[in-house]
Amino acid sequence: MSQPKISLIGGGQIGGNLALIAAQKELGDVTIFDIPKAEGMVKGKALDLMQLRPHDGYDSNISGTSNWNDLKNTDVFIITAGIPRKPGMNREDLLEINLGIMKDVAKNIKEQAPNSFVIVISNPLDAMVYTFYKVSGFSKNKVVGMAGALDSARFRTFLAMETGCSVQDITCMVLGGHGDTMVPITRLATIGGVPLEELIPSDRLDEIVERTRFAGGEIVKLFGNGSAYYAPAQSAIEMAESYLKDKKRVIPCASLCEGEFGINGYFIGVPSVIGSGGVEKILEFDLKDEEKAALDNTLEAVKNTVKETGL
Ligand code: APR
């Protein structure tokens with residue numbers, strides 16, 4: 001039986017880690033694609049990962065290419081093509097360069113594998129996933145952005161660090177855009193089922209929420225050159241795995257809203273059910289007034305960046 005085909009567009013920091021985790025989970029055969037200038041780099045990474053197989057025991061094949069024809073019949077694409085942030089930049093500063101790259105990638109993906117499921121990671125995320133959707137003409141359930149999964153993981157991490165409880169027992173969701181206006185829904189967060197707001201004083205919780213909002217920037221500052229890659233890679237793999245195995249996991253993702261939460265025509269972080277149909281459903285729930293106001297605020301930020309795409 002043939003293995004699912006996973007193609008990674010961009011073989012840099014996140015791309016390399018995506019390849020490693022996808023192979024370790026034996027999700028399918030992995031092709032790492034990059035521009036011709038970086039062909040040697042992705043071929044080298046692929047070979048290195050093949051040589052890790054005897055230790056780890058996975059049988060997935062990994063290859064590198066800069067030829068779009070090698071990506072025919074791909075089942076899942078994960079796109080990280082573009083440039084990452086440097087200190088002092090926000091995600092929106094990447095728009096000009098990454099927009100051109102995303103348009104080119106969308107056209108090529110449409111040509112090679114028009115029925116694939118596409119996960120976008122490149123920033124500014126909400127505008128990049130919108131660009132892919134508009135240029136490719138894919139159906140809305142086959143295009144999704146990775147943001148909420150990572151933002152929620154960051155929130156969970158800080159809550160585990162604060163309480164000393166296992167991160168496994170902390171549930172929470174972060175909605176909205178993948179920027180400083182994101183909306184952690186603290187009201188619904190629990191630790192082992194116990195409401196979070198009863199365990200952490202509200203002023204301390206505000207500080208943790210603030211750290212979550214700027215968690216990506218915290219790492220950019222520490223690195224001095226480039227942005228986070230381990231956790232972003234794992235977050236996208238969870239989404240790919242849910243699609244390939246039809247797990248129907250509920251993951252906060254940038255999905256196209258058509259009326260959900262009062263949002264129309266924009267990709268924004270909402271709880272999404274991912275199964276073999278792609279984004280099969282958005283789970284809607286009533287927001288409190290202040291949550292709605294925060295979501296409206298993040299929507300404005302997303303609209304402004306999307307407007308700059310001119311699409
Ligand atoms: N097609 C394919 N790959 C491309 C293209 C293109 N048109 N243009 C650039 N790339 C490749 C680069 O050659 C590089 O190898 O994309 C890769 C990006 O890798 P890194 O610079 O290491 O960036 P990374 O940390 O992986 O982040 C990628 O994800 O989280 C976002 O903000 C981040 O937009 C950035 C993206």
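Positions are given from 1 along the sequence. Worth knowing before you read on, the calculation uses all heavy atoms, side chains too, and leaves out hydrogens, waters and symmetry mates. One-based numbering, in listed order, for ligands and for the atoms of each.
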For the pair W68 and F77, name the ring-plane relationship: parallel under 30°, tilted 30 to 60°, perpendicular over 60°.
-> tilted
Working to the nearest 0.5 Å, report the span between CD of E26 and OH of Y58.
-> 9.5 Å
Under a 4.5 Å cut-off applied to non-hydrogen side-chain atoms, are K43 and L47 in contact?
-> no
Using a strict cut-off of under 4.0 Å between a residue heavy atom and any atom of ligand 1, list the qualifying protein residues by chain and number.
-> I9, G10, G12, Q13, I14, F33, D34, I35, M41, T80, A81, G82, I83, P84, L94, N98, I101, I121, S122, N123, S227
Salt bridge (Lys or Arg N to Asp or Glu O under 4.0 Å) between R91 and D93, intermediate numbers included = CA-CA 5 Å; R91 294 180 180 92; D93 294 331; over 6 Å; no
So how far is it from I83 CD1 to S227 OG, rounded to the nearest 0.5 Å?
-> 10.0 Å
Spell out, as yes or no, whether a donor-acceptor pair under 3.5 Å connects the side chain of E284 to the backbone of F261.
-> yes
